[in-house]
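Structure first, then comments.
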2 protein chains.
Amino acid sequence: MSGEGRVHVTVGDVAREAGVSVATAARALGDYGSVSAKSRARVEQAAASLGYSPNMVARSMITGSTKTIGVIVADIENQFFQRVLRGITHITSERGYDLVLANTDESLDRERRALRVMTSRRVDGIILSPTEVADTQEIRAVAESGVPIVLIDRRLRGVNVDSVGIRNRGATYDATNRLISLGHKHIAVITGGTAESAPVLKNATVATLRRLSATTLGTRTAGYREALEAAGLAYRSDFVAANGFRQEDARAATVAFFALPDPPTAIIAFDSLLSLGVLQGLRDVGARSPDDVSLIGFDDAPWAEVVDPPLTVIGQPTLEIGVQAATLLLDRLAGRGRAHVHHRLETTLIERGSVGLPRLNGVPTGPRAGL
Amino acid sequence: MSGEGRVHVTVGDVAREAGVSVATAARALGDYGSVSAKSRARVEQAAASLGYSPNMVARSMITGSTKTIGVIVADIENQFFQRVLRGITHITSERGYDLVLANTDESLDRERRALRVMTSRRVDGIILSPTEVADTQEIRAVAESGVPIVLIDRRLRGVNVDSVGIRNRGATYDATNRLISLGHKHIAVITGGTAESAPVLKNATVATLRRLSATTLGTRTAGYREALEAAGLAYRSDFVAANGFRQEDARAATVAFFALPDPPTAIIAFDSLLSLGVLQGLRDVGARSPDDVSLIGFDDAPWAEVVDPPLTVIGQPTLEIGVQAATLLLDRLAGRGRAHVHHRLETTLIERGSVGLPRLNGVPTGPRAGL
DNA sequence: CTGTTAGCGCCTTCAC
DNA sequence: GTGAAGGCGCTAACAG
């Protein structure tokens with residue numbers, strides 16, 4: 001084999017070949033400073049014939065910028081993050097930035113590790129979806145060391161960085177209310193969540209929920225609780241499933257709901273993977289939606305329209321979240337300093353076929369029962 | 001603000017604080033060479049108190065390795081690549097490699113650009129899913145420059161690199177055959193594909209299809225054609241839709257099929273996003289599966305079980321594809337030179353509810369009609 | 001417009 | 001086991 005040694009052509013090589021100094025070659029190649037048309041042509045010709053490829057790592061050493069954005073997501077298999085990711089690349093790739101990707105799988109330890117990796121790689125900025133139990137301390141340390149961070153999906157109290165997400169409490173409040181207005185009195189939620197957060201999500205007061213550090217699950221649960229309260233409905237902790245983020249977890253939770261003496265007549269799932277699990281759980285127990293149980297999911301996944309029944313969802317502007325996060329970050333990198341902002345985007349309740357009147361002993365009932 | 005200047009602590013700083021030489025500090029910090037327990041403790045203490053973070057870019061300059069893998073996928077929103085990506089990270093993150101991600105959206109131009117970016121960033125290796133019309137030349141050049149490449153999903157003729165994928169021709173042949181054995185005579189395929197590849201996919205001979213440079217769509221189409229031929233069924237180019245990879249494209253193609261005087265009684269979609277589009281298209285025209293049309297998709301997506309009807313699919317071992325690709329790459333990086341290999345993994349036809357007997361004027365028919 | 005020179009932060013001989 | 005010095009490829013001053 002010939003090229004095995006991975007010997008790279010350097011600016012010096014190109015300079016020699018072109019018969020100019022390294023500085024001139026570098027200027028032509030790096031497209032900065034001023035070079036005469038003749039020199040530039042000679043350099044470009046030499047570069048082409050030698051197969052020169054600029055060495056970004058050497059360049060980064062000097063400029064102090066890697067032109068790299070670190071993206072740390074909770075779960076790459078979640079539709080939400082894929083869309084966000086695409087939104088991010090729309091913006092970053094245009095402006096010459098590349099992405100280093102890390103997955104946390106909702107593990108705090110991996111989140112810390114990812115943060116250290118990004119620091120070590122000297123990324124210019126970080127877009128992060130913090131885990132529910134995020135280490136505020138570490139994130140703040142990174143931010144204070146001068147690396148801009150934009151939080152997506154979740155916001156962290158006590159950390160002064162930009163964030164982009166949705167109005168979680170309002171969206172969940174409205175969805176719950178929609179079910180209540182149909183006559184539902186037994187409404188359950190599947191929050192996702194981990195072993196650490198489960199007891200809090202299930203038992204804390206609404207006030208506490210609203211004060212949690214990572215706020216998505218907390219505020220969504222708070223919105224649900226508040227809607228219940230406003231309607232004078234009793235809150236039941238056994239109607240809150242917080243046993244994991246995976247599809248299988250939601251499936252198990254759904255099956256468990258139907259093992260209750262009085263199963264819920266409606267379920268809200270806090271993300272699209274969880275919705276899928278609920279759908280599977282319903283099949284497992286032979287329950288039909290919307291006849292036996294109404295279902296509202298989060299995120300308008302590409303499959304939401306074609307499942308059985310077509311899923312009513314709280315649609316999030318996922319692409320836009322990515323776009324705004326990247327824009328915020330790049331603007332800050334461009335030196336446009338300003339106060340930190342928290343963008344809360346609007347959601348839309350997309351009504352399809354999975355919501356109906358509550359059943360009562362197998363017979364649909366509610367405000368319009370008997371019509 | 002205090003830490004705004006992004007001043008990083010260097011080994012030199014740590015050395016001074018610890019009262020040792022830079023070399024000793026570097027050895028302790030980089031965990032190489034030999035350092036006395038006492039020095040090591042002092043250095044570690046100093047590093048912690050100063051908040052030292054190793055500079056990977058400087059380290060890369062010296063070692064010649066960035067500990068980075070470039071991953072270039074055709075479409076991050078495709079379930080296939082997400083699973084593959086997860087398989088990749090399983091392996092790479094364990095071994096201390098991070099991922100730089102690039103999307104091509106099936107654009108040849110973006111593929112070239114991504115390849116250049118990866119080269120410029122001096123990634124240690126590349127995992128690439130080439131576009132259908134891949135630039136063999138450029139890929140070969142990168143490979144020959146000494147950067148190991150592993151191809152996933154698609155294989156390229158004339159490029160001597162490792163690849164991991166499935167037995168495309170066999171899988172499609174079998175699926176087509178399954179439909180034929182049920183009595184289907186009008187079987188259509190939705191291939192994805194772009195404007196460039198469409199005429200070839202539709203009109204080329206089987207022999208030509210099998211000789212295309214990028215081979216997934218070509219060999220799948222070939223498998224389909226061969227099954228048709230073996231059964232003595234006529235091939236119709238209007239039953240081959242190659243009008244794009246997006247969900248909407250498949251939807252439109254499906255609607256177009258049903259505008260034909262004699263619509264197909266069965267459809268095979270070449271990836272999961274396309275399957276979703278077919279499902280939507282069927283809703284658009286008011287056709288039901290499997291009564292009006294049988295449907296087989298590629299990839300066992302998480303939603304396949306809960307759509308209406310539950311989707312029969314050709315399941316690919318996606319996670320395993322990622323795992324094997326990463327393993328092949330890392331092994332090669334570890335210097336274990338060997339001949340290039342092409343791993344063809346097995347697929348499984350997962351039968352659910354979307355395949356049935358062919359309809360005939362609205363009445364299901366076929367070998368078992370009337371039972 | 002062009003060339004020379006001095007590092008960026010780290011690893012790696014090479015002496016000691 | 002430790003320290004001093006050189007250099008990876010490039011850019012940024014500074015002269016000319």
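For the numbers below, each heavy atom of this structure counts, side chains included, while hydrogens, waters and symmetry mates do not. Throughout, a chain's letter reflects where its sequence line sits, starting with A, and its residues are numbered from 1.
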Query - Nearest-angstrom distance from the residue atom CG of A:D31 to C1' of D:dA12 - result: 16 Å

Query raised in the report: Whole-Å distance between D:dG9 P and A:I62 CD1?
Result: 13 Å

Query raised in the report: Side-chain N or O of A:T10 less than 4.0 angstrom from OP1 or OP2 on D:dC8?
Result: no

Report task. Ignoring backbone atoms, test whether A:T63 places a side-chain nitrogen or oxygen under 4.0 Å from the OP1 or OP2 oxygen of C:dC8. Result -> no

**Report entry** Pair of N/O donor and acceptor under 3.5 Å linking D:dG3 base with B:R27 side chain
**Finding:** yes

**Report entry** Atom-pair distance (CZ on A:R16; P on C:dG3), nearest Å
**Finding:** 14 Å

**Report entry** Between D:dC10 (C1') and A:L29 (CG): distance, integer Å
**Finding:** 11 Å

Report summary line: The answer to which of A:A23 and B:R40 contacts DNA chain D further toward the 5' end, by nearest nucleotide, is B:R40

Requested in this report: Using a heavy-atom cut-off of under 4.0 Å over every strand shown, decide if A:S60 touches base, sugar-phosphate, or nothing.
Outcome: nothing

Report task. Give one of base, sugar-phosphate or nothing for A:V20, where a contact means two heavy atoms less than 4.0 Å apart. Result -> sugar-phosphate

Query raised in the report: So, is B:R59 near the phosphate of C:dC10, with a side-chain N or O under 4.0 Å from OP1 or OP2?
Result: no

**Report entry** OP1 or OP2 of C:dC1 under 4.0 Å from side-chain N/O of A:T24
**Finding:** no

Report task. Mind checking A:S34 for me? I need base, sugar-phosphate or nothing, with any heavy atom below 4.0 Å counting as a touch. Result -> base

Query raised in the report: Using a cut-off of less than 4.0 Å, is there contact between a side-chain N or O of B:S21 and OP1 or OP2 of D:dG3?
Result: yes

Query - Whole-Å distance separating the CG atom of B:D13 from the C1' atom of C:dC8 - result: 13 Å

Query raised in the report: So which of residues 47-55 of chain A are in contact with DNA chain D, with a heavy-atom cut-off of under 4.0 Å?
Result: A:Y52, A:N55

Query raised in the report: With distance as the sole criterion, is a donor-acceptor pair present between the side chains of A:T104 and A:S107 under 3.5 Å?
Result: no

Query raised in the report: Below 4.0 angstrom from OP1 or OP2 of C:dC1, is there any side-chain N or O of A:S39?
Result: no

Query raised in the report: Quick one: side chain to side chain contact (heavy atoms under 4.5 Å, CB included) partners of A:E17, sequence neighbours excluded?
Result: A:A46, A:S49, A:L50

